[in-house]
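Throughout, residue positions are numbered sequentially from 1 according to the sequence presented.
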Amino acid sequence: MKMEDLNINPSTMKLEVDIMELPTSCVIVICDGKAKLRELPTHGEYKIVTHQGKVKRMRVEQGEEF
């Protein structure tokens, strides 16, 4: 699973993403003018922890079917 920073154009404050290059299952989180893309696990939970309206942590808990 990888996390990558996405670029927001500072002059327009727009985020452009080519959906053909994204993983099949992912999440994009935007906070304070920063954007991050994270591929989601096959099995598990993905938690976004916030504090005072801002993203503090992005945490994944993985598992597998028995």
Side-chain angles (χ1 to χ4, degrees):
M1 234 175 309
K2 63 178 182 175
M3 182 173 11
E4 82 180 68
D5 294 335
L6 299 176
N7 293 323
I8 296 176
N9 186 332
S11 62
T12 62
M13 293 305 289
K14 290 186 178 181
L15 172 67
E16 293 186 21
V17 179
D18 183 357
I19 62 169
M20 299 305 287
E21 294 182 9
L22 293 178
T24 55
S25 180
C26 65
V27 63
I28 296 174
V29 179
I30 302 168
C31 182
D32 285 339
K34 293 188 248 177
K36 293 189 181 225
L37 178 136
R38 179 84 184 246
E39 189 174 351
L40 295 174
T42 307
H43 300 284
E45 295 180 12
Y46 192 75
K47 295 182 182 181
I48 299 167
V49 180
T50 62
H51 178 69
Q52 295 181 343
K54 296 182 181 183
V55 176
K56 287 294 181 183
R57 265 185 308 283
M58 298 190 309
R59 186 171 52 215
V60 64
E61 292 183 27
Q62 289 184 308
E64 61 183 65
E65 294 291 323
F66 180 72

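L37 and C26 make their closest contact through CD1-SG, 4.2 Å (heavy atoms, listed as atom of the first residue, atom of the second, distance).
For the side chain to side chain contact (heavy atoms under 4.5 Å, CB included) test, residues two or more places apart in sequence or in another chain that qualify with D18 are M20, E21. Legend: residues meeting side-chain hydrogen bond (donor to acceptor under 3.5 Å, both in side chains) with K47, ordered by chain and number and at least two apart, are E61. The side chain to side chain contact (heavy atoms under 4.5 Å, CB included) test applied to I8 returns M13, L15, A35, not counting sequence neighbours. In this view, S11 and N9 satisfy the side-chain hydrogen bond (donor to acceptor under 3.5 Å, both in side chains) rule, not counting sequence neighbours. By the side chain to side chain contact (heavy atoms under 4.5 Å, CB included) test, K36 is found to be paired with M3, D5, M58, residues two or more places apart in sequence or in another chain being considered.
Interatomic distance, OG1 of T50 versus CZ of R57, reported as 10.0 Å (0.5 Å rounding). Here E16 contributes atom CD and N7 contributes atom CG; the two are 11.0 Å apart, rounded to the nearest 0.5 Å.
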For this session: Starting from the C-alpha separation in whole Å, work towards a yes-or-no answer on side-chain contact (heavy atoms from CB on, under 4.5 Å) for V29 and R38.
Result: CA-CA 8 Å; V29 179; R38 179 84 184 246; over 6 Å; no
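Counting heavy atoms from C-beta outward, D32 and K54 have side chains that approach closer than 4.5 Å.
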